[in-house]
Every structure is written in structure tokens, then in C-alpha cells.
Amino acid sequence: MKILIASDSYKGSLSSLEVSKYIQKGFKEVFEDISFKTLSMADGGEGTVQAIVESLNGKYISVACHNALNEEIEASYGLIDNFAIIEMASASGLPLVKEKRIREANTIGTGELIEDALNRGCRQIYLGIGGSATNDGGLGMAHYLGIRFLDKNNKALEPIPANLPFIKKIDSTNLDPRIKETKIIVMCDVSNPLCGKDGASAIYGPQKGATKEDINFLDQGLLHLVEICLQEGYEDYSLFPGSGAAGGLGFGLMTFLKAHLQSGIETVLDIVDFDNVIKDCDLVISGEGRIDHQSMYGKVPTGVAKRAKKQGIETVCIVGSIGSSVGDIYDCITTIESCVDHCCDIDEALENAEDNVYKAAFRLARSIQLGQKMRF
């Protein structure tokens with residue numbers, strides 16, 4: 001039997017590779033004639049760089065850059081052959097700032113990572129845009145790559161949300177020319193537009209410290225940015241699903257860099273060549289920290305299972321816990337095994353995560369063995 005293990009990490013406890021290690025340990029105690037392939041997986045959010053670097057034997061690149069409040073930090077991204085995999089949160093993420101100053105927070109650091117990848121010859125860049133501290137519509141990122149946002153006196157504005165209402169012109173003359181030669185794929189699984197009640201400011205602003213007054217200011221500022229973009233001849237992406245992701249960075253990437261927004265898990269599956277890797281496998285094992293009805297929408301286990309099902313291969317899951325409602329998950333996943341086999345609190349479950357995964361894998365392997373013996 002040949003098994004592909006393609007699991008997400010268990011946030012706060014185990015990496016994808018560690019999950020795979022203990023699944024293999026459990027199965028090898030039941031089956032002697034068994035082999036494994038492993039793909040580290042993620043859905044385009046946190047952990048995507050690590051998953052792809054591990055799966056494709058890439059390397060990490062460290063870059064001196066700036067966080068969302070222009071403080072000096074060091075961030076990293078993945079380099080695989082001639083393409084880069086970047087998480088914007090590694091430079092412009094919310095956990096990197098000690099204060100939530102939403103009218104100042106910007107995406108300059110994301111621009112710095114993109115430029116570094118360009119300097120290393122990358123002409124294909126994958127960019128995950130979850131976990132931001134920003135609500136600047138991509139101003140900082142675009143500014144760092146050469147675009148200038150001008151006021152009524154043709155003076156370049158500091159690229160921060162506080163200056164959104166004062167933009168009168170956009171000068172793209174000095175946009176890094178390498179951008180035109182580069183394919184930028186944005187991994188995004190939210191459908192929020194840029195503005196309005198479902199937009200970047202209203203939905204994600206509060207978690208970044210925005211007050212009601214801030215939300216109205218930011219939303220109007222982004223709407224003004226759209227109007228200026230239209231005056232300058234840019235295409236209107238403000239209603240495009242995902243344009244409101246990462247405080248409007250989705251909008252900025254599409255508008256100023258001609259980026260393409262795609263499903264995170266589908267993009268990751270394509271990058272690691274999942275469809276070819278799985279071809280000679282008998283079974284797929286996936287998993288994540290918690291599986292519930294939300295897992296149907298852009299998460300690793302269901303993304304993996306749907307791809308496997310197209311080739312007639314069953315998928316089973318080992319997860320940290322199972323939610324009260326798993327919706328239609330069993331339409332694509334054959335069975336789900338929870339790691340936790342007794343009542344305990346979250347701290348105990350995390351502390352014993354390695355042993356819990358191993359034991360769950362052992363139980364699942366025994367069940368598969370029973371099924372083989374009971375063929376009618």
C-alpha cells in the first residue's frame with residue numbers, strides 16, 4: 001500500500017512534517033508492506049511558505065525590511081528555483097506591531113519583499129495576503145515599487161491611510177519595469193469587496209484597532225482611491241471578490257501590479273504538483289487542527305480530498321478535533337479520526353499532540369485493516 005500524507009499543520013502544536021512523521025509511525029505498527037509520500041500543505045494563509053519550501057526542498061530568504069508602522073524588522077520568504085512564495089504577514093502582519101495605529105499602518109514591507117524577489121531573478125511570485133495589520137489599499141506596497149500618489153500640488157504623499165483623501169493624481173512612471181515581466185499570483189479565499197458594509201474597513205478594521213470613526217474614514221478614503229484610479233485609467237477592481245482582502249491589498253495588487261487572485265488551497269496544490277504526485281497512491285491522509293463546516297470553504301482537507309476524488313482515490317483525515325457540524329464534508333472525505341480520545345482541556349491536548357496523532361493513526365490503520373479482512 002502506498003499512502004500520500006498531505007496534511008495542514010496543527011496550529012500551535014505540530015508542523016505538517018511532524019504530523020506526517022507520527023501518522024507514519026502509527027501506520028507502520030499495523031502494516032508491514034507500506035510506503036509513504038509526504039506533501040506539506042497549507043491553504044494560502046499562515047504556514048504557506050513553510051509548507052511549500054518543505055514540499056519542494058526550497059530555501060528561506062531573510063530580508064531586512066519594515067513592519068506596518070515602519071519599524072525595522074527582518075522577514076523571510078521562500079525561494080524555489082525561479083519563483084518566490086511570500087506571506088505578506090511576515091512583513092506587514094498584525095502580530096508584528098505593538099500598537100494598532102490603523103491610519104498609519106502600511107504595506108511598504110510587502111513591497112520590500114517583492115522587490116527582493118525581483119532582484120533575485122524571480123518572474124513568478126506567489127503571495128499570501130492573510131493576517132495583515134493594514135488598511136491602506138496597497139498604497140505602501142505600490143509606493144515602494146515606484147508608484148507615487150500625489151496631492152493637489154503634485155507633491156508625493158506618504159503612503160499611509162491617513163493620506164487617502166488627499167490623493168489627486170497617480171504617477172506610475174517609475175514603477176519597477178520588471179513588474180511587467182512578472183506573473184504575480186495572489187492566494188486569497190475571502191470574497192470581500194474593497195468598500196461598503198462588507199468591505200475591508202468595516203469587516204476587518206475593528207480587529208486592527210479601528211474605531212467607528214476610523215472605519216468611516218478608511219472606507220471613504222478607499223472609495224476616493226477608486227475614483228482617482230478610474231480617473232487615471234485603471235480598471236475598476238473594487239467590487240472584485242477579494243479586493244478587500246488584507247485591508248485592500250488585494251485591490252492594490254490587481255490594480256497596480258496586474259496580479260491575479262486565486263484560491264489559496266488550489267494554488268498550493270498546483271505549486272506542489274499534487275495531481276502528478278498522487279497518481280500511484282492507494283490512499284490519501286489529510287488533516288488540520290480542527291475540522292468543521294467551514295472546512296468546506298478553501299481549507300486543506302477538503303481541497304486535497306476533492307482533487308484526490310477526481311482520480312478515484314479515497315481521502316481520510318486525522319484532525320485535532322471535530323466540530324459539532326461538519327456539513328457536507330463526508331461527500332468528499334471518507335472518514336475522519338479525531339486525535340483526542342478522552343476528555344481533556346486544550347492545554348493537555350496540545351502538550352500531548354505527538355502521541356495523540358500517533359495513536360489516532362494507529363486506530364485508523366486498524367480500521368482499514370479490518371475493512372480489508374471483511375471484504376464480502
Side-chain angles (χ1 to χ4, degrees), residues 4-20 38-56 58 77-78 80 83-90 93-95 125-132 184-192 204 241-242 244-246 249-250 253 259-275 277-278 284-310 315-323 326-329 331-333 336:
L4 171 64
I5 303 174
S7 176
D8 201 345
S9 61
Y10 290 9
K11 188 176 292 186
S13 57
L14 299 176
S15 70
S16 298
L17 285 182
E18 288 172 326
V19 171
S20 176
T38 294
L39 286 175
S40 293
M41 296 301 300
D43 58 14
E46 180 184 352
T48 297
V49 169
Q50 181 182 10
I52 293 176
V53 168
E54 288 176 349
S55 291
L56 300 182
Y77 66 91
I80 298 93
F83 74 85
I85 175 76
I86 297 171
E87 291 177 30
M88 72 85 65
S90 66
L94 189 58
I125 297 173
Y126 295 91
L127 185 62
I129 59 172
S132 74
I184 298 176
I185 300 103
V186 180
M187 293 175 284
C188 175
D189 286 298
V190 303
S191 57
N192 305 81
Y204 302 109
L249 179 61
L253 288 164
H260 305 274
L261 265 63
Q262 298 180 180
S263 161
I265 180 58
E266 294 299 325
T267 302
V268 172
L269 289 168
D270 288 340
I271 293 172
V272 301
D273 200 22
F274 181 87
D275 293 345
V277 172
I278 196 179
V284 176
I285 302 176
S286 190
E288 62 182 340
R290 176 180 172 82
I291 197 165
D292 55 30
H293 67 282
Q294 295 183 7
S295 299
M296 282 298 293
Y297 308 102
K299 297 299 183 181
V300 167
T302 50
V304 164
K306 288 174 182 177
R307 285 285 188 99
K309 193 171 186 177
K310 289 180 180 179
T315 299
V316 297
C317 282
I318 295 176
V319 300
S321 63
I322 303 173
V326 291
D328 299 323
I329 285 175
D331 288 346
C332 58
I333 294 173
I336 304 169

4.5 Å side-chain heavy-atom contact, Leu253 and Ile129 | yes
Check whether any side-chain N or O of Ser286 sits under 3.5 Å from a backbone N or O of Cys317 as a donor-acceptor pair, and report yes or no.
-> no
Indicate the atoms forming the closest heavy-atom contact of Gly303 with Ile265, along with that distance.
-> CA-CG1, 4.0 Å
Go through the structure and list residues passing salt bridge (Lys or Arg N to Asp or Glu O under 4.0 Å) with Asp43, not counting sequence neighbours.
-> Lys299
Does any non-hydrogen side-chain atom of Ser16 lie less than 4.5 Å from one of Ser7?
-> no
Heavy-atom closest contact (Val268 atom, Gly44 atom, distance) | CG2-N, 4.1 Å
If you look at every heavy atom in Val49 and Gly78, which pair is closest and at what distance?
-> CG1-N, 3.5 Å
With the side chain counted from C-beta on, respond yes when Ser15 and Gln50 share a heavy-atom pair under 4.5 Å apart, and no when they do not.
-> yes
Minimum heavy-atom distance between Asp8 and Ala42, given as atom pair plus value | OD1-CA, 4.0 Å
Distance in Å, Ile271 CD1 paired with Leu39 CG, rounded so as to fall on 0.5 Å steps | 12.0 Å
Residue pair Asn192 / Tyr204, side-chain heavy-atom distance below 4.5 Å | yes
For the residue pair Pro301 and Ile333, establish whether any side-chain heavy-atom pair is separated by less than 4.5 Å.
-> yes
Taking all non-hydrogen atoms of both residues, which atom of Ala305 and which atom of Cys332 are closest, and how far apart?
-> CB-O, 3.5 Å
Residue list, salt bridge (Lys or Arg N to Asp or Glu O under 4.0 Å) with Lys11, at least two apart or on another chain | Glu46
So, are Asp270 and Arg307 salt-bridged, with charged N and O less than 4.0 Å apart?
-> yes
Sequence-distant partners of Glu54, salt bridge (Lys or Arg N to Asp or Glu O under 4.0 Å), two or more places apart = none
How would you list, by chain and number, every residue that makes a salt bridge (Lys or Arg N to Asp or Glu O under 4.0 Å) with Asp273, sequence neighbours excluded?
-> none
Flag side-chain contact, heavy atom, 4.5 Å: Ile318 against Tyr10 | yes
Those residues that, when tested against Tyr77, pass side-chain hydrogen bond (donor to acceptor under 3.5 Å, both in side chains) (two or more places apart) = Asp116, Arg120
Looking only at heavy atoms, what is the nearest atom pair of Ala308 and Val284, with distance?
-> CB-CG2, 4.1 Å
Check for a donor-acceptor pair, side chain of Gln262 on one end and backbone N or O of Ile185 on the other, with a separation under 3.5 Å.
-> no
Tell me, do Val277 and Val272 make a side-chain contact under 4.5 Å, heavy atoms counted?
-> no
Those residues at least two apart in sequence (or on a different chain) that pass side-chain contact (heavy atoms from CB on, under 4.5 Å) with Thr38 are Ile5, Leu17, Ser20, Gln24
Considering only heavy atoms from C-beta outward, does the side chain of Met187 approach that of Ile85 to under 4.5 Å?
-> yes
